[in-house]
Amino acid sequence: MKISKKILITSALCLHALLAQAAIDPALLKPLAGEDPDARIAAVNQIAALANDDALKILNALNTDALYARPDGTVLIVDDTKAFNPATDQTLPTPDDADGISVNNRLRGVVEGALSGLKLFSPNRKLRIAAATDLMKTADPAQIPLISKALHKESDPEIQDILQQVIATANLHSPDAATRKAAVQTLAGSTNANIRPALQNLLNKNPDGSYIEADPAVRIEAVRTLGVLDRHLATVDFIGKVFYGISLGSVLLLAALGLAITFGLMGIINMAHGELLMIGAYTTYMCQLLFRQYFPAALDGYLLVALPAAFIVTAAVGIVLERLVLRWLYGRPLETLLCTWGISLILMQTVRSIFGAQNVEVANPSWMSGGVTVLGSLVLSYNRIVIIFFALFVVLAVWLILNKTRLGLFVRAVMQNRRMAACVGVSTGKIDMMTFGLGCGIAGLGGVALSQLGNVGPDLGQGYIVDSFMVVVLGGVGQLAGTVIAAFGLGEVNKFLEPMAGAVLAKIAILVFIIVFIQKRPQGLFALKGRSVE
Amino acid sequence: ADTIKIGILHSLSGTMAISETSLKDVALMTIDEINANGGVLGKKLEPVVVDPASNWPLFAEKARQLISQDKVSVVFGCWTSVSRKSVLPVFKELNSLLFYPVQYEGEELEKNVFYTGAAPNQQAIPATEYLMSKEGGGAKRFVLLGTDYVYPRTTNKILRAFLHSKGVKDSDIDEVYTPFGHSDYQTIVANIKKFSAGGKTAVISTINGDSNVPFYKELGNAGLKATDVPVVAFSVGEEELRGVDAKPLVGHLAAWNYFESVKNPVNTAFIKKWKAYALAKNLPNAATVVTNDPMEATYVGIYMWKQAVEKAKSTDTDKVIAAMAGQKFKAPSGYELEMDATNHHLHKPVMIGEIKADGQFNVVNKTKTTIRAQPWSPYIPGNEGKQKL
Amino acid sequence: MTTASMQISMAKTPLFTRPAWSGIIVCCVILALLPILNLAFPAGHALHISSYTVALVGKFMCYAMAALALDLVWGYTGILSLGHGVFFALGGYAHGMYLMRAIGRDGVYQSNLPDFMVFLDWKTYPWFWSLTDNFWYCMALVVLVPGVLAFVFGYFAFRSRIKGVYFSIITQAMTFAFMLLFFRNNTGFGGNNGFTDFKRILGYSITAPSTKAVLYLITLAFLLGALILCRWIVTSKLGRVLQAVRDSESRLMFIGYNPLWFKLFVWTLSAVLCGIAGALYVPQVGIINPSEMSPANSIEMVIWAAVGGRGSLVGPIIGAFSVNGLKSWFTGAFPDLWLYALGLIFILVTLFMPQGILGLAANLKNKLKSKPASQPQADASSKEAA
Amino acid sequence: MDTTHGAILYLENITVSFDGFKALNNLNLDISVGELRCIIGPNGAGKTTMMDVITGKTRPTAGTAFFGQSIDLTKLTEYDIAHAGIGRKFQRPTVFEQHTVFENLELAMKMGKRLTVRTTLFSRLSSEQIDKIDACLRLIRLNGNERRLAGLLSHGQKQWLEIGMLLMQEPQLLLLDEPVAGMSDAETARTAELLNELRGKHSIMVVEHDMGFVAEIAQQGKVTVLHEGSVLAAGKMSEVQADERVIEVYLGR
Amino acid sequence: MLNVDQLNQYYGSSHTLRGISLSLEKGKCLALLGRNGVGKTTLLKCLMGVLPSASGKIMLEGRDITSLKPHQRAALGIAYVPQGREIFARLSVEENLLMGMATKSGKQALLIKEEVYELFPVLKEMLQRRGGDLSGGQQQQLAIARALLAEPKLIILDEPTEGIQPSIIKDIGRVIRLLRERGNIGILLCEQYFDFARELADNFVVLSRGEVVAAGSHESMDDESVKRHLAV
Ligand SMILES: Nc1ncnc2c1ncn2[C@@H]1O[C@H](COP(=O)(O)OP(=O)(O)OP(=O)(O)O)[C@@H](O)[C@H]1O
Ligand SMILES: Nc1ncnc2c1ncn2[C@@H]1O[C@H](COP(=O)(O)OP(=O)(O)OP(=O)(O)O)[C@@H](O)[C@H]1O
Ligand SMILES: [Mg+2]
Ligand SMILES: [Mg+2]
């Protein structure tokens with residue numbers, strides 16, 4: 001790590017003097033292809049010190065596995081079929097004997113460090129922020145001159161702030177007590193959890209009983225700053241839990257919503273519900289494959305196509321099942337359990353025969369990868385945020401369909417009294433088909449969401465079926481609002497219990513909670529009261 | 001009979017199918033290959049495939065069926081420890097042979113079983129040593145993250161003892177467990193992040209099966225990169241990575257005794273055969289099949305058994321067991337593996353790989369020679385001197 | 001005469017007719033002969049029954065008993081339990097504790113403690129293992145543990161008037177919670193590996209053919225006993241009260257019955273029977289572990305009962321035998337395709353045999369008896385009644 | 001049971017409100033031992049709700065309900081109330097549809113003991129009891145149908161069966177909610193006869209809309225008119241029928 | 001408009017309707033009489049298509065509807081007030097009424113006619129209450145209102161007065177008379193309340209054990225022979 005920092009300084013200092021194209025000495029490159037780790041690191045540092053375009057290219061290539069070497073030690077930057085030789089500045093077709101240079105974490109760390117040092121002066125604001133944040137991790141007094149320099153040039157207040165904190169963190173180790181004290185004070189405004197250990201360290205004692213921080217004034221300041229920081233962190237922690245709970249809740253909700261229709265409304269104990277989720281997820285996979293194959297440029301948009309596709313595919317599967325099998329079983333709810341269990345076995349095995357027993361790969365589109373850091377240390381990942389909003393959107397749509405349309409009225413009427421609905425002129429067969437199709441289609445949408453969080457395999461549904469039933473029942477069968485509240489409630493309870501009890505006991509506690517809760521409300525959260533229930 | 005029957009006892013349905021199906025296919029491929037080269041003792045091998053459906057009592061039933069109804073000479077199968085524990089009494093009672101191809105927690109040694117996967121000292125400990133080394137990032141703090149069942153618990157117990165012996169304090173070790181099928185890692189990842197503020201941290205993951213994908217996805221989205229907090233896993237291999245978008249995982253590690261990316265002629269041939277077989281048999285996703293450690297272990301196991309049968313000139317269980325001792329085989333890992341003369345485990349090399357964006361591994365460290373298995377971990381008290389049958 | 005003819009066709013048929021009884025007796029005799037044939041004739045003899053078959057049938061009988069227990073609560077009282085696996089497993093664990101103790105020092109660590117405790121560093125048995133080296137104490141546990149759990153759980157649930165799917169789901173939550181609990185190594189029951197590698201029972205080697213035969217015959221006796229017990233209950237007035245609970249619990253209250261105790265009685269009894277089935281299962285199968293408590297296992301039990309025909313006592317037994325028999329056969333014969341076959345059978349059974357296998361048999365018999373009277377309306381009217 | 005004050009049922013200031021809607025509003029009513037009381041009143045007046053309160057199905061929001069001097073009905077469960085001696089026929093016939101007619105009657109039959117698991121498990125019908133059921137079957141004219149499932153009966157037959165069950169229960173107080181709805185005139189007359197026979201032996205409360213029937217069974221007894229949850233009028237049938245308010249809200253012109 | 005010819009129906013092996021024939025003209029009211037359990041409800045269900053008929057023919061305005069499904073018959077203009085009300089218990093009263101117009105389309109299907117509220121004022125007060133919470137008589141009113149809203153050509157009423165207070169029975173009687181007078185609707189009324197039926201019916205049919213044992217016009221309804229069939 002030491003070397004890398006020195007390089008950082010030198011490289012940064014040289015950066016504004018980016019020299020004109022100068023081919024890199026092959027002797028400098030050769031160790032990169034070698035076996036000796038220390039030599040490679042040294043080479044990276046030397047290359048970084050060049051601080052020119054080629055150096056940047058090479059480091060970037062190294063970081064993205066695009067740097068190749070030939071058996072004779074020639075190093076090439078390979079882009080598909082073309083290879084750029086930094087030693088000669090020539091671009092040639094990739095030779096057959098070129099082999100990728102492997103990078104391990106240590107080397108990658110060095111490369112990234114070098115790159116972020118270079119980036120601190122980049123014109124791109126995002127890159128600068130990232131580089132400054134990166135520096136926070138390694139804040140070291142040796143870096144202070146460099147950072148001060150960057151700070152001097154920096155006009156963006158946000159980045160200035162970060163850099164100031166980096167300096168302050170580094171100054172905690174300053175030999176001058178006043179500087180240390182000032183540093184501690186500066187950090188009082190920080191929201192970064194990472195500085196906590198360093199502050200805490202000031203209060204620790206040496207083995208001989210003396211304080212590590214000799215100056216009591218600094219210690220008092222440290223206690224105060226720690227207090228501020230801890231309060232902030234506690235808030236962040238709380239908000240984090242709330243967010244995680246909502247996020248888990250929205251997953252549960254999406255998993256359960258289709259079931260709330262097929263089971264809650266139609267009374268079909270749909271054990272194949274999980275498999276419908278799975279089909280939705282596999283449809284997403286197929287869409288992604290198609291995009292990869294035919295529209296690689298628009299790959300990020302595959303999800304938008306996957307949503308309608310999954311809805312249509314699962315709804316179609318549902319309609320087929322309903323017409324072929326389930327329509328004979330209305331009024332015999334318990335038989336539907338047996339039947340859909342059989343269907344679930346068949347669907348699973350079908351997927352296994354077509355796609356194999358292994359999971360398939362569904363990648364988050366780039367706009368759903370990563371996350372946004374809020375309040376200093378809380379990362380909210382994009383995919384979770386998207387899914388929360390998606391869940392709310394789907395709920396709203398379902399609610400509108402069921403409560404504000406004539407179709408919804410017919411659906412509810414048929415589910416309550418099939419024979420009478422037919423007598424007033426509702427084609428019950430059609431309504432059954434559409435309702436089941438809708439429920440299944442919504443399960444398919446749930447599957448799309450799940451594919452963004454977990455694995456996509458033939459067993460996907462099995463992991464969600466029990467939870468889905470719990471959510472629907474806890475909310476009160478046939479009560480959409482209940483399902484929503486139950487899902488978010490379970491999510492929150494889970495996420496607040498987990499840090500206390502660990503994931504396993506939290507899960508057990510949740511189950512016990514459900515059992516106890518149902519004692520209090522034997523018809524679920526949103527029980528109907530009165531005569532109409534009988 | 002003019003054929004020798006071989007039982008294949010891997011789940012083709014249920015939760016374990018995801019891992020075990022390809023082992024069945026590799027076994028069939030190997031048998032085909034042996035048959036094409038004249039079989040064993042002049043007889044063709046005849047595979048008998050059954051599906052124990054990830055159901056442990058069914059494993060015992062199927063084992064009994066294979067041995068007593070189908071009269072197989074040997075069985076290749078099982079993945080989870082509990083499935084092995086479930087069939088053990090049957091193999092003992094009927095005195096038959098099982099080859100078990102998967103890494104496991106050790107603490108077992110049975111006359112009727114040959115273990116061709118890794119014992120903890122052939123996987124977990126070298127991996128931890130690597131993480132602590134300069135090359136591996138010099139980790140000082142460790143999160144031991146696992147699914148709550150026997151293998152992770154035992155492995156972590158061994159690891160904790162090992163870490164203690166290396167001077168790591170309990171306050172620098174965090175042991176976290178999740179239930180089976182856990183899929184929400186938000187809290188855990190947030191906690192890892194918090195924990196890692198206290199010094200260079202590495203995660204040693206014994207998360208089982210399907211839970212890996214959500215864990216890695218969460219990790220990637222939370223912005224924890226391998227250069228910050230490397231994760232080393234003992235049950236993530238090439239096959240598992242087929243189902244993950246590997247780009248966010250680049251740099252995380254796995255420890256095995258074999259990687260597909262190992263370069264040597266035996267491996268090249270092995271991979272080629274496997275790809276050709278997958279295409280010929282029209283396996284699902286045949287175009288993208290990969291090889292992995294348990295597949296290699298299955299392959300090695302079948303060949304070693306063949307050699308032993310030829311040496312013993314019989315398929316009689318006791319004779320084959322005797323002949324197995326010291327069998328050697330040039331394995332796709334590039335090493336000559338040897339069946340230990342006394343403890344029924346293979347001497348294996350240990351390799352550490354970093355995940356690459358294409359789902360393959362970049363082997364960053366491997367032992368010079370093969371290592372003898374210690375099924376009874378010296379880190380568990382009371383195990384001293386318990387290395388033989 | 002209209003009314004008279006109605007009376008015959010629509011009256012309830014008695015639970016077991018005379019031929020049914022003779023069928024049951026014949027089945028029992030045949031089942032009892034299996035292990036005897038296994039011991040009496042050497043392998044290869046025409047009359048030899050393989051020990052594999054005997055072991056298989058022994059296992060099925062345990063399943064059948066569980067299905068029977070489930071039928072008592074589901075078929076007759078309308079309480080659908082999706083958590084009977086937990087009672088089965090607890091019975092099994094209770095017996096398993098004894099079997100583990102009976103291993104003595106023959107485990108791999110040659111310790112007094114079971115192997116899993118040794119490598120978890122436990123020095124002594126936790127309190128709930130005390131006295132488990134006594135066979136009879138464990139047998140009492142087999143009955144008491146599932147019984148008490150069911151009683152307590154049922155008492156609160158029935159007192160709160162939890163019904164229908166709400167009840168089903170909390171039983172599912174219960175079994176799921178137990179599964180997670182037993183998965184933990186620290187719970188003290190061997191984690192996910194559970195108990196295995198038993199050596200002896202009451203001093204007899206557990207792998208000896210004669211021990212197995214005896215276990216088998218005991219299982220058969222218990223199954224028959226349970227069947228007779230259940231029949232006695234459902235044909236008594238209590239049985240009719242239970243059915244009334246199923247059909248209209250509230251109406252029953254208005255004529256002075258407190259459904260709580262009736263439900264609690266069958267529920268607990270059913271759990272106990274299930275526990276006994278589990279206890280008989282463990283020594284025959286050689287392993288008990290928490291996967292028995294997985295929700296899917298409990299659902300499978302329900303499926304045996306449904307396939308055989310619920311509310312008929314023998315139906316679930318037939319169902320357990322046929323579903324498991326098919327599963328055993330399919331998994332060996334068509335390892336890649338068996339799920340299709342099994343799934344299809346479940347679908348066909350529901351579509352074409354609403355009353356399960358037993359119902360189909362009864363229907364066929366009726367058809368043969370009264371050919372001219374068979375009308376297309378039969379179907380419609382039955383729907384109407386439902 | 002303590003009926004020293006002559007009344008078997010007291011309802012005092014009973015109010016039942018459903019989300020603000022008062023189905024019963026300060027209702028006061030009492031019935032003496034052996035009395036046959038007819039209750040009439042418009043649809044939705046709260047007649048059925050009142051029976052729900054008496055039988056424990058609905059808990060009143062306010063007010064007290066006593067059976068005899070000492071039994072507080074608002075504290076008891078449905079089965080305790082039934083056991084204490086109140087039997088009820090519902091407005092919509094409710095019988096055990098999956099049981100035969102005979103079994104329906106058997107289940108309802110008064111056993112003298114509390115109906116527990118043990119007593120039912122070991123109970124065997126004595127020949128007297130069978131005779132009793134037989135007699136009842138003839139009374140409700142379902143003899144010949146005793147082995148049919150109750151669910152297969154027609155609407156009117158179910159009404160009769162439910163009356164039969166009530167009789168088997170031998171309660172001290174019978175609550176009959178529209179016993180002759182769906183019965184033909186001739187059958188209505190028979191039911192009236194039956195009730196007249198029971199008069200005096202049991203206390204009876206009858207709710208009906210069939211004025212002819214009410215007139216026949218009320219004879220000189222008291223008729224109570226409920227309206228909007230409380231008593232609108234009470235008195236002899238002839239008085240009530242002449243009451244302007246009753247004509248206005250109930251009988252019509 | 002409605003012609004039933006030799007209709008037979010079985011429950012399992014019991015012959016419930018035995019060769020029933022009857023006919024009803026437009027603008028007329030036909031009363032269906034009979035003791036409990038003779039098959040009146042069964043016949044009406046067959047007409048509505050809820051139960052299949054084994055043999056025989058049902059014609060509506062010259063069209064054979066024997067094999068049509070209930071919702072197709074409803075679309076052809078049959079409305080049904082079943083015995084036991086069959087309210088959609090968890091729909092609000094308003095939604096129940098809207099269901100009555102399920103065969104209509106567009107705006108028409110959303111507008112509940114004031115007429116209905118005039119006839120049954122309680123319904124208006126209780127529009128937002130759940131159907132199942134209503135009292136028995138209120139439910140019966142709701143069921144009748146629901147059928148009227150369909151503006152049918154043929155209305156089938158199964159004991160419509162059951163559980164209804166006398167003043168409203170009178171109102172119902174008035175409505176039926178009104179409908180009859182309009183002349184464009186056929187009314188099939190199954191009724192135990194003899195006086196009520198006699199007042200309204202143009203013709204009558206008496207069933208006994210699934211057979212038509214007497215039939216005739218309004219005048220002959222009081223005949224001894226008819227009364228005998230109705231007596232116990
Ligand atoms: N659960 C409930 N929620 C809301 N309103 C209710 C509920 N139960 C009853 N009601 C209302 O209370 C009033 C009284 O109903 P009740 O059934 O007691 O009337 P009733 O006198 O029996 O009438 P009917 O003669 O029509 O049977 C009715 O207006 C009914 O709509
Ligand atoms: N689902 C059914 N299955 C078998 N028999 C039935 C069924 N429903 C009714 N029955 C029988 O058919 C006969 C006719 O019944 P239906 O309901 O048509 O009588 P109803 O004339 O309407 O009598 P009520 O005046 O009592 O309503 C009755 O004897 C009845 O027991
Ligand atoms: Mg009423
Ligand atoms: Mg009728």
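Each chain gets a letter, A, B and so on, in the order its sequence line appears, and its residues count up from 1. The basis for the numbers below is simple: all heavy atoms, side chains too, and nothing from hydrogens, waters or symmetry mates.
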Highest number of heavy-atom pairs under 4.5 Å with chain A: which of B/T21, B/V364, B/T15?
B/T15
For B/E354, the salt bridge (Lys or Arg N to Asp or Glu O under 4.0 Å) test, sequence neighbours excluded, returns A/R108
Residues in salt bridge (Lys or Arg N to Asp or Glu O under 4.0 Å) contact with B/D245, at least two apart in sequence or another chain
B/K247
Which residues, numbered in order, of residues 175-191 of chain B come under 4.5 angstrom of chain A by heavy-atom distance?
B/Y177, B/T178, B/P179, B/H182, B/S183, B/D184, B/Q186, B/T187, B/I188, B/A190
May I ask you to list the residues in residues 236-244 of chain B that approach chain A closer than 4.5 angstrom, counting heavy atoms only, ordered by number?
B/E239, B/R242, B/G243, B/V244
Quick check on B/S22 against chain A: is it the side chain, the backbone, both or neither that has a heavy atom closer than 4.5 Å?
both
For B/K194, is it the side chain, the backbone, both, or neither that has a heavy atom closer than 4.5 Å to a heavy atom of chain A?
side chain
Where does [X] contact chain B at under 4.5 Å (heavy atoms): side chain, backbone, both or neither?
| X | result |
| --- | --- |
| A/R384 | side chain |
| A/D38 | side chain |
| A/T373 | neither |
| A/L453 | backbone |
| A/M368 | backbone |
| A/Q462 | neither |
| A/V360 | both |

Give the member of A/G240, A/G463, A/G371, A/P37 that has the highest number of heavy-atom pairs under 4.5 Å with chain B.
A/P37
Return the minimal non-hydrogen interatomic distance between [X] and [Y], and the atom names on each side.
| X | Y | value |
| --- | --- | --- |
| A/G356 | B/P284 | N-CB, 3.2 Å |
| B/N221 | A/V379 | O-CG1, 3.8 Å |
| B/G14 | A/R352 | N-NH2, 3.4 Å |
| B/A226 | A/N105 | CB-OD1, 3.6 Å |
| B/N285 | A/Y285 | OD1-OH, 4.2 Å |
| B/K217 | A/N364 | NZ-OD1, 4.3 Å |

Is it true that a side-chain atom of B/N362 and a backbone atom of A/N104 form a donor plus acceptor pair closer than 3.5 Å?
no
